[in-house]
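Heads up: the structure comes next, in structure tokens.
Protein chains get the first letters and strands the later ones, always in sequence-line order, with residue 1 at the start of each. Heavy-atom basis, side chains included; hydrogens, waters and symmetry copies ignored.
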Number of protein chains: 2
Amino acid sequence: MTGIRRNRATLHDVAKAAGVGTTTVSRVINGGRYVAPEMLARIQRVMAELDYQPNEAARSLKSERSRTIGLIIPSITDPFFAQFAAVAEVHARRQDYVVILLTSQDKAQFELDDLQIFERHRIDGLLFVPPRSGTKALLQNLRRLSVPIVSFDRPIAGREFSSVTSDNYTAALNAVRHLLDHGRKRILCLGGDPNLYTIRERVRGATSALTAAGREALVEMDASEYQAAEAAIMKHMSAKGKVDAIFGLYNQSTILAYEVLQNRKIPMPERVSLIGFDDFALAGTLRPSITVVKQSIEELARTATQLLLNHMAGEITAPQQIEIASRLVVRQSCGCPKAG
Amino acid sequence: MTGIRRNRATLHDVAKAAGVGTTTVSRVINGGRYVAPEMLARIQRVMAELDYQPNEAARSLKSERSRTIGLIIPSITDPFFAQFAAVAEVHARRQDYVVILLTSQDKAQFELDDLQIFERHRIDGLLFVPPRSGTKALLQNLRRLSVPIVSFDRPIAGREFSSVTSDNYTAALNAVRHLLDHGRKRILCLGGDPNLYTIRERVRGATSALTAAGREALVEMDASEYQAAEAAIMKHMSAKGKVDAIFGLYNQSTILAYEVLQNRKIPMPERVSLIGFDDFALAGTLRPSITVVKQSIEELARTATQLLLNHMAGEITAPQQIEIASRLVVRQSCGCPKAG
DNA sequence: CTGTTAGCGCATTCAT
DNA sequence: ATGAATGCGCTAACAG
């Protein structure tokens, strides 16, 4: 539907109609302090009558605050980032900020483009997921923005900006320990982009646990497609030291591992047990249900947003690196005798 | 990280540094028409040197266009709406629009709040999912916005605004026919909020198919929790005319139906077959895999966004009601002898 | 407590 | 093809 923009009432119109100066009306808009109660009531009534809505562009131009927070995530269809966006929106809104959403497809160039758009829109703060490979250009552009910034899920090299991440290392270490405690000896870490900070940390954690237990760290990164996952798994199944457990480094590889084991009729968890990093819908519904490392997305997101808002309010000035603990959600696929 | 806002270069600074008037610089920003080639190059160089980025607030104030599109969806964590948001963002961006995301929790009051926020930000167009119950206040506020509007997934009463929806009625009708073709005689339609347009249409379509076939329409709307779904299903399983098929009216009820049948060890699809409305991750991975009605979300979203952009460009003025066809994705749960 | 005034940065007549 | 001048709607001194 198309609509002709009517003549909207301006602050001046309100002032005139109420028989007061513009300052007073402006004060009412901004909380009504130092305004006589009757005056305030009158002006509010006039504003309602005229359907007055302040023009944010004008406010922004004058006040140098756009009441806007920029959000850059790789993709909004990834449930992990979607939940981040959801939480950020809610908390930002509580402080009268509005979220402008831009996605980066995890591409460095897109991310730079996004930053430029945000520069033009003069956002007051930025929440963002850094691209796989942080370039020097990225750092430059972040500085140029000259607003508070908090990175999410992955830190930015240099500790120059605040970040909120999961305890990928520790969580992976604990997950693998859990498999070792089940008596598993040959554990395959499967899948994930090795350029990703989170994946690298998880591999590092898993490797730590394995070497500490005197076990070999088996890692196959290429498992983003069913074929590749199957090849990787079957390679290790037919080797002399057959694997007896798989640690899925992220959602996709966990699900593919599950499918491969199902299709190959390899008993799970009896013959091969499975733990995945990241919970997912239906992880508890599949048979066997899948044991996973569950990140506290809500807490991650809330922490990041609050930290940003604190920075924006000037309450915190030094950059902070915050890590949020994940927990193991024990289901059936690891070998624990639990119900689904 | 906190940052002090540096003195950003303004259009005036650029003009001065380039030794030209502000008009010429403004022309360069807006496409560079009617500017001598050398001049254009020089100004662009100066802009780059000064890291000049136009202030959108000022442009908006002056031009009455914010280069902003408002997007209201019930929730960003719902994969259906997330994909809508993703597609909208991409297409909006191509036309140099930025998307401001607001969620409504499917609450009428939130939606009104969202509209007010958008009114202040002077969005140039609105994409939105109407709340369950459209009030007259909603219509008023939509009109007051006085910008092009396209509703998504659900129409707005009155055909006053454009809408893009799925062919819920027809798709449901076809799905139930498919079950009837399999020789199923007692089909239970399960779950969904009866206040939702989409659900009502699906029930209507299913009912149509059933009555046309001389079958009774069995409908149980209360199945949003496992307990309720189980009670509803088992009630119809133990009745004298046992159900032999279930039509899940939306994701959640389909999944719950699947779980109930699994837990009760009711052979699927032999004893009871299942079709769900809406595809979902792992629908093809579960055993048996689930046959679903798959909406063309990408097409829905693209159509809605393009329609809005067309309205905004003034290329289309009359409101349009567009319906996008869904298709049946045949897997195992309906009884078809297909591989998973 | 309240009004007057002066820009914020830009797009746009209107000249030239 | 270019420049000077005006004002978009609002906030923030400042004066009262």
Side-chain angles (χ1 to χ4, degrees), chain A residues 5-44 46-47 50-68 96 118-124 146, chain B residues 5-44 46-47 50-68 96 118-124 146:
Chain A
R5 182 167 259 129
R6 296 162 317 139
N7 293 332
R8 290 168 177 285
T10 70
L11 181 146
H12 265 89
D13 299 333
V14 175
K16 209 182 329 165
V20 300
T22 57
T23 307
T24 308
V25 178
S26 177
R27 288 216 181 88
V28 172
I29 294 170
N30 294 288
R33 298 205 313 171
Y34 307 118
V35 177
E38 329 80 74
M39 187 92 293
L40 194 148
R42 172 143 57 104
I43 293 176
Q44 285 176 330
V46 173
M47 293 199 310
L50 300 185
D51 280 335
Y52 172 70
Q53 294 295 343
N55 183 326
E56 285 296 341
R59 300 183 79 189
S60 172
L61 183 58
K62 182 68 195 170
S63 67
E64 312 250 276
R65 290 185 52 218
S66 61
R67 290 163 182 79
T68 272
D96 277 324
F118 281 152
E119 228 175 306
R120 296 173 167 224
H121 281 272
R122 302 293 196 267
I123 55 168
D124 296 329
S146 57
Chain B
R5 183 166 256 131
R6 295 161 318 136
N7 293 331
R8 290 168 178 284
T10 71
L11 182 145
H12 265 90
D13 299 332
V14 175
K16 210 183 326 165
V20 301
T22 58
T23 308
T24 307
V25 179
S26 176
R27 288 217 182 87
V28 173
I29 295 171
N30 293 291
R33 298 205 313 172
Y34 306 118
V35 176
E38 332 78 74
M39 188 92 294
L40 194 148
R42 171 143 60 105
I43 293 177
Q44 285 175 329
V46 172
M47 293 200 307
L50 299 184
D51 282 335
Y52 172 71
Q53 294 295 343
N55 183 327
E56 284 296 342
R59 300 183 80 188
S60 173
L61 183 57
K62 183 66 195 173
S63 66
E64 312 248 279
R65 292 185 51 218
S66 62
R67 289 161 182 80
T68 272
D96 278 323
F118 281 152
E119 227 174 309
R120 296 174 167 222
H121 282 272
R122 302 292 196 268
I123 56 169
D124 296 329
S146 56

Looking at residues 22-33 of chain B, who's got a heavy atom less than 4.0 Å off DNA chain D?
Thr22(B), Thr23(B), Thr24(B), Arg27(B)
Please check the phosphate of dT11(D) (OP1 and OP2 only) for any side-chain N or O of Arg59(A) closer than 4.0 Å.
yes
Out of dT2(D), dC10(D), dA11(C), which nucleotide sits closest to the side chain of Ser63(B)?
dA11(C)
Rounded to whole Å, how long is the line connecting atom CZ of Arg65(A) with atom C1' of dC10(D)?
14 Å
For DNA chain C, whose closest nucleotide is more 5', that of Tyr34(A) or that of His12(A)?
Tyr34(A)
Whole-Å distance between dC10(D) C1' and Arg67(A) CZ?
10 Å
Over how many whole Å does the gap from Glu119(A) atom CD to dG9(C) atom P extend?
15 Å
Got Arg67(A) and Arg120(B) here, is their nearest side-chain heavy-atom distance under 4.5 Å?
no
Which value, rounded to the nearest 0.5 Å, describes the distance between Asp96(A) atom CG and Arg65(A) atom CZ?
9.0 Å
Side-chain contact, heavy-atom cut-off 4.5 Å: Thr10(A) with Asn55(A)?
no
Test item: Ser63(B) side-chain N/O and Arg59(B) main-chain N/O as donor-acceptor pair under 3.5 Å
yes
Assign each of Ala58(B) and Val35(B) the nucleotide of DNA chain D bearing its closest heavy atom; nearer the 5' end lies the nucleotide of Val35(B)
Could you check how far CG of Leu61(A) sits from P of dG9(C), rounded to whole Å?
7 Å
For Leu11(B) and Tyr52(B), work out which heavy atoms get closest and say how close.
N-CE1, 3.4 Å
Could you tell me if the side chain of Glu64(B) sits less than 4.5 Å from the side chain of Arg122(B), heavy atoms only?
no
I need the CG-P distance between Leu40(A) and dC1(C), as an integer number of Å.
11 Å
Considering only side-chain heavy atoms of Lys62(A), which listed nucleotide, dG3(C), dA11(C), dC8(C), is closest?
dC8(C)
Trace of the side chain to side chain contact (heavy atoms under 4.5 Å, CB included) decision for Glu56(A) with Thr68(A):
CA-CA 10 Å; Glu56(A) 285 296 341; Thr68(A) 272; over 6 Å; no
Which part of the nucleic acid, if any, lies within reach of Leu11(B) when heavy atoms closer than 4.0 Å are counted: base, sugar-phosphate only, or nothing?
sugar-phosphate
Nearest to side-chain heavy atoms of Val20(A), which nucleotide of dG3(C), dT11(D), dC10(D):
dG3(C)
From CD of Glu64(B) over to C1' of dG7(D), roughly how many Å is that when rounded to an integer?
11 Å
When rounded to whole Å, the CZ to P distance for the pair Arg122(A) and dG9(C) reads 8 Å
dG9(C) P sits how many Å from Lys16(B) NZ, rounded?
12 Å
